[in-house]
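Taking it in order: structure first as structure tokens, then the write-up.
Whatever order the structure lists ligands and atoms in, that order sets their numbers, starting from 1. What you see is a predicted model, and the numbers here were worked out from it, not measured in a lab. The first residue in the sequence is number 1, and the count goes up from there.
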Amino acid sequence: MLISLKNLFEKEKSREEKEVSWDIRTFDTGMGSYPVAEASDIKVELEHTGKKNLQVKLQTTCMIQIPCDRCLRDVDVPFAISIEKRISKKNPEKKEDFEDTQYIVDDCLDVDKIIRDELLLTWPAKILCKEDCKGLCSVCGHDLNAGDCGCDREVKDPRMAAIQDIFKNADQ
Ligand SMILES: [Zn+2]
Ligand SMILES: [Zn+2]
């Protein structure tokens with residue numbers, strides 16, 4: 001979603017409020033691609049503080065489906081985004097930019113990019129469908145939350161057992 005800043009940039013101190021809908025249907029983290037199950041409108045407040053500098057307030061919520069790290073079942077993970085930041089149009093004469101300039105392209109504000117960057121920043125390190133999810137059987141792939149499958153998952157070889165311990169510890 002791009003918001004045109006043409007009118008806003010014509011006059012200093014002008015303000016605009018907008019509600020726009022989500023364009024992002026799937027969110028790509030670079031590690032995987034996840035469907036956006038639900039999203040509220042995006043509330044955007046813009047103020048042209050002068051010289052093509054913007055004060056931007058953006059608020060929205062969404063629900064993204066991410067598989068549980070242990071059993072791979074989809075979990076609806078809620079995100080609440082509330083951002084307030086200064087964004088400037090890139091000025092080639094300025095050596096250093098103290099404000100974000102990557103979000104304005106051709107006098108349009110790239111709302112999707114702001115949201116994507118924020119989602120990446122707040123992306124949870126771990127997703128579990130429930131705190132004590134038992135995961136999948138390492139032998140047959142059965143969902144152990146639905147009961148035991150009777151497989152023998154004990155590793156007899158001591159060298160393999162050591163590796164299994166490493167994985168167990170890494171999981172905690
Ligand atoms: Zn799970
Ligand atoms: Zn099994």
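- More than 12 heavy atoms of other shown residues, nucleotides or ligands fall within 6.0 angstrom of atom NZ in Lys130.
- For Phe27 and Trp22, the distance between ring centers is not under 6.0 angstrom.
- Separation of atoms NZ (Lys57) and NZ (Lys85) is listed at 15.5 Å; rounding is to 0.5 Å.
- The backbone N or O of Cys137 sits nowhere less than 3.5 Å from a side-chain atom of His142 that would complete a donor-acceptor pair.
- Not one N/O/S atom of His142, from backbone or side chain, sits under 2.8 Å from the Zn ion (ligand 2).
- The SG atom of Cys137, the Zn ion (ligand 2) and the SG atom of Cys151 define an angle of 110° (nearest 10 degrees).
- Put simply, the angle at the Zn ion (ligand 1) from SG in Cys133 to SG in Cys71 is close to 110°, to the nearest 10°.
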